[in-house]
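First up is the structure itself, then whatever we jot down about it.
Read the numbers this way: they start at 1 and go in the same order the structure lists the ligands and their atoms.
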Amino acid sequence: MYQHHHFVGGALVEGQSGRLGPIFNPSTGEQQGEVALASKAEVEAAIAVAQGAFADWAATSVVKRARVLQNLVQILYREKDNLARALSSEHGKVFSDAQGDVQRGLEVAEFAQGIPHLLKGEFSDNVSTGIDMYSMRKPLGVVAGITPFNFPAMIPLWMSCMAIACGNTFILKPSEKDPSVPMLLADCWKEAGLPDGVFNVVNGDKESVDTLCTDPRVKAVSFVGSTPIAQYVYATSTAHGKRCQAMGGAKNHMIIMPDADLEQVADALVGSAYGSAGERCMAISVAVPVGDAVADKMVEMLKPRVEALKIGHSMDPEAEMGPLVTAQHRDKVKGYLDLADEEGAKVVVDGRDFTYAMQGYEDGYYLGGSLFDHVKPGMRSYREEIFGPTLQIMRASNFEEALSYPSDHEYGNGTSIFTRDGDTARDYVARVEVGMVGVNIPIPVPLAFHSFGGWKNSAFGDINQHGLEGVRFFTKTKTVTQRWPKGMKEGAEFVIPTLNS
Ligand code: NAD
């Protein structure tokens, strides 16, 4: 059994609260570690350290900051498999998928290497006679990142790389379910040459989150997690005068037009809905075939694929899908499957009793893949996020009806349309009320140089993650108007300056 504590000021710091949370291996169901849960005082101490490190880091030349990012990229490539192994053992996603989790985070570090270019301000020469005007982007100070269990490498890297490259000091409060990767990331940052106190990890729960959202020394909070907590973090942080971006849950629809290549659609759906056991905020969880003929064909093609999913220990190279993250989450997902059944959706494949088929790993948190047909908009199992290995089919009779389902849903994270028709695709892209859209792409996650963020109850706050929006989120603009003595007129002026001079 290992124990994780905190990483503050460039060193491991032992937890003092006396509170510990369990860390499980979801593939076996065994408890493999414990994580310290910080008290308010411990979080405050970390904030003080980050604040102490801020002035020097903000004053470090932008080229030197970029070089730390360059070092980090090299270290992350070297450590990718170690990180992925740790990730897989606590999250339960299969090793190859865990490598992808690290890779997508690493790509934000690659993007952030270009920070000298990204922070270039604007300059206007001679806006009035002898007067120049320029703007620059300044770091905010101490900023916090609060992250979910499902991408323990990617999401901490989204936030920390952008925040730190911009000159801020950073406190990460990772999910208490899989804290090993965040702690390993601290070692990577240190080896990359980051000064002590710039990247800190405070492990904890609500008490830590509340402290970060209310302490006046924290200038911005970046959050990713479930919608109720995202709403809470957004409301609390903004009420305390902070900038906040808070990404929440999802229900992602895939529209299947009759002209689509249905073989491609079936493969795309299976990978997207059941990969990572459905624990992805961009997983397709609802398929919307247009027309009963397409729907019947889809069910016929999906059923054998879902039944044949290779489910196993996350380090089994044959496994396509591992367990769910905790027994509690597995039971919650199971509850939704029961609900869908009670609400009258037709069970095509039932993954609920799959556990009994796991030879040697019966205590792991497994579910089989499930498939429901004839799902209706009023069903609670449709309206709420399930976050498990299940796909719901909602039949639509035409394009307009199909378009209305994702647009009317309270979540608006991702969606996708499969069609060969450019006009239909273009119409869908233009009109659907969702933040990230794929055309014949099942998981349209924007790359590091674009920005990630959903609409409606999938995101609170105006500014997305990474890309140019990440730079905007972690900086504030200062605009300077300058004139030198030679250009000054004599005598006082009492009217507001205008461009007439
Ligand atoms: P979660 O909301 O339970 O936890 C997220 C973070 O909030 C964790 O660090 C946790 O410790 C903290 N937290 C939990 N309960 C809290 C409380 N009562 N008060 C204060 N803080 C609290 O989310 P999760 O289960 O770890 O992650 C899965 C969720 O995240 C899903 O809903 C998924 O859709 C969402 N998600 C969204 C995105 C996105 O970009 N939109 C990306 C990944 C995951």
Side-chain angles (χ1 to χ4, degrees), residues 19 21 23 26 35-38 40 43 90-93 101 104-105 108 144-159 171-179 181-182 201-214 221-237 244-252 276-285 324-326 328-330 332-333 336 384-388 409-415 434-436 443-446 451-461 463-466 469-470:
R19 293 194 304 126
I23 305 169
V35 60
L37 303 173
K40 183 171 194 281
V43 181
E90 292 180 355
H91 176 288
K93 65 175 80 174
D101 187 332
R104 289 308 290 257
V108 178
I146 301 165
T147 54
F149 80 83
N150 70 323
F151 280 101
M154 180 181 84
I155 296 177
L157 284 167
W158 280 359
M159 298 171 180
I171 299 178
L172 174 64
K173 205 306 282 173
S175 169
E176 55 276 52
K177 294 182 183 126
D178 44 14
V181 169
V201 183
V202 171
N203 283 303
D205 51 10
K206 179 170 165 52
E207 188 168 339
S208 307
V209 171
D210 286 347
T211 309
L212 292 169
C213 295
T214 54
V221 174
S222 180
F223 174 90
V224 177
S226 59
T227 287
I229 312 298
Q231 272 173 315
Y232 170 75
V233 164
Y234 185 76
T236 311
S237 300
C244 184
Q245 55 180 185
M247 277 60 195
K251 198 86 183 184
N252 304 318
S276 196
E279 293 168 325
R280 288 185 188 138
C281 66
M282 289 293 278
I284 293 290
S285 44
L324 285 100
V325 67
T326 56
Q328 194 189 16
H329 186 59
R330 190 252 336 259
K332 184 177 163 194
V333 171
Y336 273 116
E384 297 180 8
E385 180 184 49
I386 298 179
F387 220 55
H409 203 282
E410 71 161 292
Y411 294 120
N413 215 39
T415 185
V434 172
M436 293 174 279
I443 311 181
V445 177
S451 296
F452 183 106
W455 286 6
K456 300 182 284 185
N457 278 352
S458 292
F460 304 90
I463 309 184
N464 285 348
Q465 299 278 350
H466 61 71
E469 300 233 343

Per-atom filter on ligand 1: closer than 4.0 angstrom to a heavy atom of N150 are 43 (C), 44 (C)

Student check: side-chain heavy atoms of E207 and R19 closer than 4.5 Å: yes

CG (N464) and OG (S222) are apart, to the nearest 0.5 Å, by 10.5 Å

Pairwise side-chain contact, T227 with Y411, heavy-atom cut-off 4.5 Å (strictly under): yes

Can you sort out which atoms of ligand 1 are near V224, meaning under 4.0 Å from one of its heavy atoms? 5 (C), 36 (N), 37 (C), 38 (C), 39 (C), 40 (O), 42 (C), 43 (C), 44 (C)

With heavy-atom distances below 4.0 Å as the criterion, list the atoms of ligand 1 near F452. 39 (C), 40 (O)

For atom 35 (C) of ligand 1, which of P148, G225, A250 has the closest heavy atom? G225

For the atom pair CZ (F387) and CZ (R280), what is the distance rounded to the nearest 0.5 Å? 10.0 Å

For atom 7 (O) of ligand 1, the closest protein heavy atom turns out to be F223 CE1, 3.4 Å

In ligand 1, the atoms that come under 4.0 Å of a heavy atom of I155 are 42 (C), 43 (C)

Only counting residues at least two apart or in another chain, list the ones meeting salt bridge (Lys or Arg N to Asp or Glu O under 4.0 Å) with D101. K93

If you count the atoms of ligand 1 from 1 in the order shown, which ones are under 4.0 Å from a heavy atom of K173? 8 (C), 9 (O), 10 (C), 11 (O)

Determine the minimum heavy-atom distance between G412 and S458, stating which atoms define it. N-OG, 3.0 Å

Under 4.0 Å and counting heavy atoms only, is there anything from the protein next to atom 27 (O) of ligand 1? yes

Which heavy atom of the protein is the closest neighbour of atom 19 (N) of ligand 1, given with residue, atom name and distance? K206 CG, 3.5 Å

Between the CD atom in E385 and the CG atom in N413, the distance rounded to the nearest 0.5 Å is 8.5 Å

Taking the non-hydrogen atoms of G248, is any one of them nearer than 4.0 angstrom to ligand 1? yes

Has ligand 1 got any nitrogen or oxygen that is less than 3.5 angstrom from a nitrogen or oxygen of F149? yes

Check A36 against N203 and note the closest heavy-atom contact, atom names and distance. O-CB, 3.2 Å

Could you tell me which non-hydrogen atom of C281 sits nearest to which non-hydrogen atom of F452, and how far apart they are? SG-CZ, 3.9 Å

Which value, rounded to the nearest 0.5 Å, describes the distance between H91 atom NE2 and F151 atom CZ? 7.0 Å

Honestly, for E385 the part within reach of ligand 1 (heavy atoms, under 4.0 Å) is side chain

Any idea which of G21, S226, P179, S208 brings a heavy atom closest to atom 1 (P) of ligand 1? S226

Between Y232 and ligand 1, does any nitrogen or oxygen pair lie at a separation below 3.5 Å? no

Nearest protein heavy atom with distance in Å, relative to atom 22 (C) of ligand 1: I229 CG2, 3.5 Å

Measuring from M154:CE to H466:NE2, what's the distance to the nearest 0.5 Å? 7.0 Å

For atom 42 (C) of ligand 1, what is the nearest protein heavy atom, given as residue, atom name and distance? C281 SG, 3.0 Å

Can you tell me how far the OG1 atom of T147 sits from the NZ atom of K173, to the nearest 0.5 Å? 6.5 Å

Option nearest atom 21 (N) of ligand 1 (shortest heavy-atom distance, choices V209, D210, T147): V209

Side chain or backbone of E176 under 4.0 Å from ligand 1, or both, or neither, by non-hydrogen atoms? side chain

Taking the non-hydrogen atoms of F151, is any one of them nearer than 4.0 angstrom to ligand 1? no

